[in-house]
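Before any comments, here is the structure.
In what follows, chains carry the letters A, B, and so on, assigned in the order in which the sequence lines appear, proteins first and then strands, with residues in each chain numbered from 1.
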Protein chains: 4
Amino acid sequence: MTRDEGTGNGLAAGTAQWPIEEAPAPTSVEGRTLSRKGERTRGALLEAAEQVFGALGYHEASIVKITEAAGVAQGTFYRYFSSKQAIFEELVVDLNRRVRHAMSEGAARGTTRAEAERHGFAAYLRFTAEHPALYRIIRQAEFVSPATLREHYEKIAAGYVEGLRRAMGEGEIVEADAEVLAYALMGAGELVGMRWVLWAEASEVPEVVVDELAAFVSRGLGARNGWE
Amino acid sequence: MTRDEGTGNGLAAGTAQWPIEEAPAPTSVEGRTLSRKGERTRGALLEAAEQVFGALGYHEASIVKITEAAGVAQGTFYRYFSSKQAIFEELVVDLNRRVRHAMSEGAARGTTRAEAERHGFAAYLRFTAEHPALYRIIRQAEFVSPATLREHYEKIAAGYVEGLRRAMGEGEIVEADAEVLAYALMGAGELVGMRWVLWAEASEVPEVVVDELAAFVSRGLGARNGWE
Amino acid sequence: MTRDEGTGNGLAAGTAQWPIEEAPAPTSVEGRTLSRKGERTRGALLEAAEQVFGALGYHEASIVKITEAAGVAQGTFYRYFSSKQAIFEELVVDLNRRVRHAMSEGAARGTTRAEAERHGFAAYLRFTAEHPALYRIIRQAEFVSPATLREHYEKIAAGYVEGLRRAMGEGEIVEADAEVLAYALMGAGELVGMRWVLWAEASEVPEVVVDELAAFVSRGLGARNGWE
Amino acid sequence: MTRDEGTGNGLAAGTAQWPIEEAPAPTSVEGRTLSRKGERTRGALLEAAEQVFGALGYHEASIVKITEAAGVAQGTFYRYFSSKQAIFEELVVDLNRRVRHAMSEGAARGTTRAEAERHGFAAYLRFTAEHPALYRIIRQAEFVSPATLREHYEKIAAGYVEGLRRAMGEGEIVEADAEVLAYALMGAGELVGMRWVLWAEASEVPEVVVDELAAFVSRGLGARNGWE
DNA sequence: GATGAATGAGTGTTCATTCAT
DNA sequence: GATGAATGAACACTCATTCAT
């Protein structure tokens, strides 16, 4: 993952800075170290959970449905996760890591600042399209696991804040409260994703929408040499 | 409700334009017309539902809890609402009407455009603080009643779009896709509300946060003579 | 209602002998004497109950449905009947009286013995077709009010027994246990009615079926100069 | 089970001919194959259901009562039957198979035609005495599961019809509509059973009653060399 | 006298979780 | 190590009945 150096800027910089754990999957459960096969079963359960939680929501989803989707017996579930809530939380953490990764990679693809910014949002929206579960699971987390939900937003916000602060320091964008900007940006992305991906059941957001959003944000950040 | 005339502008104009039904409370159930007492019972149930859904979420909320909170017997519930889902949906519609009303009123309080804009957001954030249920119930609606959720956002967006288009026509703000802007604005408000009202368990958003948000939006809309 | 005298015979004689109360509708409830209007309301409730119990069965039927069908308020029901079970029992008694009346009248229409017999069954089957509720309500009575059910069959059986005994005395039919014959005849009629009226949803049993049934019974009773 | 060959006749032939599946108990639920223990639990539930439905009727019977009677937890019920209605229907099918089996066996015990006929009815009445649930459950089926009810009668009738037709062909009984006769015979047996088993709470029908019934039927069928 | 609002016990059913095999 | 049978608490909802107006 290359980071954009030198041209430090707002959004792109931000997305590039999220701290991402490098060893994603825990390989032990309650002390047991997982075998190859165990690892695979665990992965199958997580993936099944993403599908099922995404499609049905936390409450309609049931352990039976998840284990069925994963092709294992009901009891097997509890060899890998201590509860329904536990796998849910793990899923949020997992998706959080992956979306931040996607956004970083996206932002890094831009060479000019405007492009980078646009790519960051585009990556987020693309991830949303590919993983509608992210959006839906996050909404469920509100009640299922508020702490995890908060952590999710805080981690993304932290990345934004760091990037925005650097950009401010370098005079690339207007001086402002970086945290407010961070939450505003996340919110904008979330609802645009909801409107043009989820509701439209589209596999991607129309380019023009991404452009409009990026332009709005660019202006809002008071970016010099912004979009256009 | 005074509307800003002549100086039609972006946000303020938008918030001022939401079409709001003036006769809010339905007064009949399944054809029956409600007596005074019935009206009161129904109101108590709705209020209790707002508290309970807001505090526990749709699934943890139960009819027993709602009726207990309302001080009526379990069976009484079904004289006024046909199901748990039904009262939930009614609640969304109700809150939607009230939040739009609050935003309109807020926006109308501003005399200059910048003030109006700021007041619109402030009103929304104040409403969120007073009715945390709005935010939480909306999140639940994702799975409980997607159509109602969508309607909620679409109604608010429609108000924004109308106002933004007018402002564009009058050259007050930059020419852009009004719908994209609308969803971006809603998202920004929603997450800022989540961060500074819900998480902070504050009764209001710090003034400076409102200012920062308004400034960001003002710049993003390319408002002439904007905030500052 | 003419009774067959002189030519005393089996079935026809039997059907003609059921003791039928002549003043059918009780005109007071819990001491209250019913006004004209009250009488009408009570009748409407009974009729509605016949429809509803017949269509839905005892348990699916509800007081609300009955009162709705009768066009009165829920509470009004309890001014005329003390409980759901009470109106059900009254209905059984009522239908019992009416079916016995119908059978008597039918039987009386026959001039020869064979005709009379045939007419008795035909009348029963016609009544079944016009009042499917009879059959269905009787089946429900098994658990709802066993005593009433038993009374229903015993009353019909009593009529048969009396007629059969007389016919035996006059040498018209074979000497046998009249009660066994009575229950066999009732059972035969009931299931034929079920098969050719209820299942066929027909408004009457095909003539040929009535003929076959009458012939079987005629032979079974060892009737001299019977059917043919 | 020996069948009467050569002397093919009416009732006995009929009862002897019911097609009876030889592998009675389904051993899998929703695709799952039942373990030994599972099989036992399932059986216990069916037996408990027979008792409870028989004693209380469909509606008064509750899953709690059934599971209590079977000595298992409430939830266990749903591992074996998908609903209250489902176990009810299974019960009807089960009882139907068993009563037809009993009747066949009974009829086969007769050597002369008159004996066989008598044994068929006697077997039916004995079964009724041992399984009052049959009678009571059938009556409930009217509303609970009309299709199953109909199937029950049709299967028994089919056996009768086949036997009666053969007997007619061989000149043993009078030529007549076999289906009408079948329903008449079933009805006669049913009500005699109700009167002398259920109401008398007797463990068997008095011999004389069986004799009388058999004689009536014998005459009704126009049997040559009939009873006596 | 009629109404209809209120009651609350009771139902069928679901499902996360445990544990013997 | 994996299974799947068993559990039982919990829930949404119904309805006969009561009673104040």
>> Quick one: does any side-chain atom of D:Gln140 pair with a main-chain N or O of D:Tyr58 as donor and acceptor, under 3.5 Å?
In response: yes
> When the nearest nucleotide of DNA chain E is assigned to A:Lys65 and to C:Gly75 on a heavy-atom basis, which residue is associated with the more 5' position?
Replying inline: C:Gly75
> Does D:Tyr78 make a side-chain N or O approach to OP1 or OP2 of E:dT13 shorter than 4.0 Å?
Replying inline: yes
> What does A:Ala86 touch in the nucleic acid at a heavy-atom separation under 4.0 angstrom: a base, only the sugar-phosphate, or nothing?
Replying inline: nothing
> When the distance from CZ of D:Arg42 to C1' of F:dA6 is rounded to whole Å, what number comes out?
Replying inline: 17 Å
> Can you tell me how far OH of A:Tyr78 sits from NZ of A:Lys84, rounded to the nearest 0.5 angstrom?
Replying inline: 9.0 Å
> Whole-Å distance between F:dC11 C1' and B:Tyr58 OH?
Replying inline: 11 Å
> Rounded to whole angstrom units, what separation is found between the CD atom of A:Gln74 and the P atom of E:dT18?
Replying inline: 12 Å
> Roughly, in whole Å, what's the span from CZ in A:Phe81 to P in E:dA16?
Replying inline: 15 Å
> Tell me: CG of A:Leu45 to P of E:dA16, nearest whole Å?
Replying inline: 14 Å
>> Distance check, rounded to the nearest 0.5 Å: C:Ile138 atom CD1 versus C:His152 atom NE2?
In response: 3.5 Å
> What nucleotide among F:dT3, E:dT3, E:dA6 has an atom nearest to a side-chain atom of A:Val72?
Replying inline: F:dT3
>> Both C:Gly71 and D:Glu60 contact DNA chain E. Which one's nearest nucleotide lies toward the 5' end?
In response: C:Gly71
> Does the pair A:Leu149 and A:Phe143 meet the rule for a side chain to side chain contact (heavy atoms under 4.5 Å, CB included), with working shown?
Replying inline: CA-CA 9 Å; A:Leu149 171 78; A:Phe143 289 93; over 6 Å; no
> Of all the nucleotides listed (F:dA6, E:dA2, E:dG12), which has the minimum atom distance to the side chain of C:Arg79?
Replying inline: E:dA2
> Roughly how many Å is it from CD1 in C:Ile87 to C1' in F:dT17, rounded to a whole number?
Replying inline: 15 Å
> Using a cut-off of less than 4.0 Å, is there contact between a side-chain N or O of D:Thr41 and OP1 or OP2 of F:dA6?
Replying inline: yes
> Who is the Watson-Crick or G-U wobble partner of E:dT21, with both distances under 3.5 Å?
Replying inline: F:dA2
>> With a 4.0 Å cutoff (strictly under), does any side-chain N or O of A:Thr76 reach OP1 or OP2 of F:dT3?
In response: yes
> Nearest of E:dC15, E:dT7, E:dT3 to any side-chain atom of A:Ser62?
Replying inline: E:dC15
> So which nucleotide from F:dA16, F:dA6, E:dG1 ends up closest to the side chain of C:Ile63?
Replying inline: F:dA16
>> Rounded to whole Å, how long is the line connecting atom OH of D:Tyr80 with atom P of E:dT14?
In response: 17 Å
> Rounded to whole angstrom units, what separation is found between the CD1 atom of D:Ile66 and the C1' atom of E:dG10?
Replying inline: 15 Å
> Which comes earlier along DNA chain F counting from the 5' end, the contact point of C:Val64 or that of A:Phe77, where each point is its nearest nucleotide?
Replying inline: A:Phe77
> Within the side chain of B:Gln85, is there an N or O that forms a donor-acceptor pair under 3.5 Å with the backbone of B:Val144?
Replying inline: yes
